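Report on one structure; see the data block that follows.
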2 protein chains.
Amino acid sequence: MNTRDKILATAKNLILKVGYNAFSFSDISVPLGIKNAAIHYHFPGKEALGCAVIRKEHENVIKWKNEVDKLDPWQKLERFFRVYDKNMVHNRICMVGSISSDLYAVPESMRDCLHAMVVDINQWLTELLEEGRRLGTFQFHGPAEGKAAVVVTSLAAGLQIARVLGSDKFEQIKNQIKLDITPTKDDN
Amino acid sequence: MNTRDKILATAKNLILKVGYNAFSFSDISVPLGIKNAAIHYHFPGKEALGCAVIRKEHENVIKWKNEVDKLDPWQKLERFFRVYDKNMVHNRICMVGSISSDLYAVPESMRDCLHAMVVDINQWLTELLEEGRRLGTFQFHGPAEGKAAVVVTSLAAGLQIARVLGSDKFEQIKNQIKLDITPTKDDN
DNA sequence: TTTGTTACTTACCTACAAGTAAGTAAGTTT
DNA sequence: AAACTTACTTACTTGTAGGTAAGTAACAAA
């Protein structure tokens, strides 16, 4: 792993742990054993670094979508949960939750990067729920778009609230999400 | 309204809009037409101010709970939604979402204040859902605690994601929450 | 071999944040 | 009237943040 990628990885971790405005260049340079100015060699400024982190995360989302493409709806959902689980164990929140909660305190370019990513995630989950309902794998009322919004926000804020109430709360949320889309015998 | 309360109100707004770490004393003193040091007269430091804001919010929650105490479950839920609506129109997020997403970047005393408040909200909503289910007003699967967690996180992150995708997304979430607890004809 | 490029470091600058000590004007108490 | 309290302001200190200009060691290309 080259220095540039190490900087990106460290910055990503910091954004998910303390937020964009709460980390400094030293929080990256000291653990990596480099100087602050080395970060400026790879990225013109903090804003560009922030954008690069979000764009890389977005690329990872796209790769991940292709990876899980052939799985069935429940497996896809479980894989989706696993993304949040990985953050949960490190007391991190998700990128969307971190940047959007600080949205009016980050540069506009970062908002644009985040927007593109959120649209993608939202669309993927909406299609998954729609497909699952069509196949009878999932059951829920109302538009898939609304259901997708509830699912993704429960997970995002689930990571946040779990910091306060413990990881059990996050487990409860995942279980409830599953219960809420599990088919029952009624056919209304 | 005295200066102390004006400082508290301004600080609360800033926390909900840009987060605890992204506002400075000048963001409070300039609009109020006072000097930075005046804030230090009323509050020893930023940490104490942050705690005072959360504690006041917690007190408001307690008062609010008493206000809505006699309403029926659906009315209580609508009143709960209204709290989030009021933040939505100002592009604010909720106190719990703001502080918990920056939790490892705020002083420990603030985390303690937030914890007490989150426990209270969580308990109130759990009891509401439990009561609603007992009365047949609401219908959902699994423990009320898990359902409460899904509802409150959907609303909290709903405010966050609505900053990126627009307020329609928040409306979708509220509708979906209602659909997901509306009784159907099945009696499994 | 000299020229250029990559990947940094050294040393420095500017801005601004939080915090504080001392002062002050207005009102309150004794 | 003297002393004290309230609610600030003035003026200052300290720390740190992001950023930059200039230098350098290692290696590659012409």
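Keep in mind that the numbers below use all heavy atoms, side chains included, and drop hydrogens, waters and symmetry copies. All values derive from a computational prediction rather than experimental measurement. Letters A, B, ... mirror the listed sequences (proteins, then strands); counts begin at 1.
Checking D/dC8, C/dA18, C/dT10 against every side-chain atom of B/Tyr41, the shortest atom distance belongs to D/dC8. Comparing atom distances between the B/Phe25 side chain and each of D/dT9, D/dG19, C/dA18 picks out C/dA18 as nearest. Relative to the side chain of B/Ser24, the nucleotides C/dA17, D/dA17, C/dT20 differ in distance, and C/dA17 lies closest. For A/Lys46, taking side-chain heavy atoms from C-beta onward, the closest of the listed nucleotides C/dC8, D/dC8, D/dG18 is D/dG18.
Within the 4.0 angstrom heavy-atom criterion, only backbone atoms of the sugar-phosphate kind lie near A/Phe23; the bases stay farther away.
When each of A/Asp27 and A/His40 is assigned the nucleotide of DNA chain D bearing its nearest heavy atom, the one mapping closer to the 5' terminus is A/Asp27. Where B/Gly45 and A/Lys35 each meet DNA chain C at their nearest nucleotide, the meeting point lying more 5' is that of A/Lys35.
For the residue pair B/Glu127 / B/Gln123, a side-chain donor-acceptor distance below 3.5 Å is found, with atom types taken as modelled. One side chain, A/Gln160 or B/Gln160, offers a donor N or O that lies under 3.5 Å from an acceptor on the other.
A cation-pi arrangement is absent between B/Arg163 and A/Tyr104, since the terminal nitrogen or guanidinium carbon is not both under 6.0 Å from the aromatic centre and inside a 45° cone about the axis.
Note: CG (A/Asn36) to C1' (C/dT10) measures 12 Å, nearest angstrom. The separation between A/Leu14 atom CG and D/dA17 atom P is 12 Å, rounded to whole Å. As a whole-Å value, the separation of B/Ile39 CD1 from C/dA18 C1' is 10 Å. Taking atom CD1 of A/Ile28 as the reference point, atom C1' of C/dT9 lies 17 Å away to the nearest angstrom. A straight line from NE2 of A/His42 to C1' of D/dG19 spans 16 Å, rounded to a whole angstrom. If you take CG of B/Asn21 and P of D/dT16, they are 15 Å apart, rounded to a whole angstrom. B/Ile34 has its CD1 atom 21 Å from the P atom of C/dT24, to the nearest Å. In this structure, A/Leu49 places its CG atom 15 Å from P of D/dA17, rounding to the nearest Å.
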Checklist line | Chi angles and distances behind the salt bridge (Lys or Arg N to Asp or Glu O under 4.0 Å) call for B/Glu108, B/Arg111 | finding: CA-CA 5 Å; B/Glu108 210 177 326; B/Arg111 298 181 210 173; 5.5 Å; no
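Regarding contacts with the backbone of C/dC16, every side-chain N or O of B/Ser26 stays at 4.0 angstrom or more from both OP1 and OP2.
Within the 4.5 Å cutoff, side-chain heavy atoms of B/Leu155 are placed close to those of B/Phe80.
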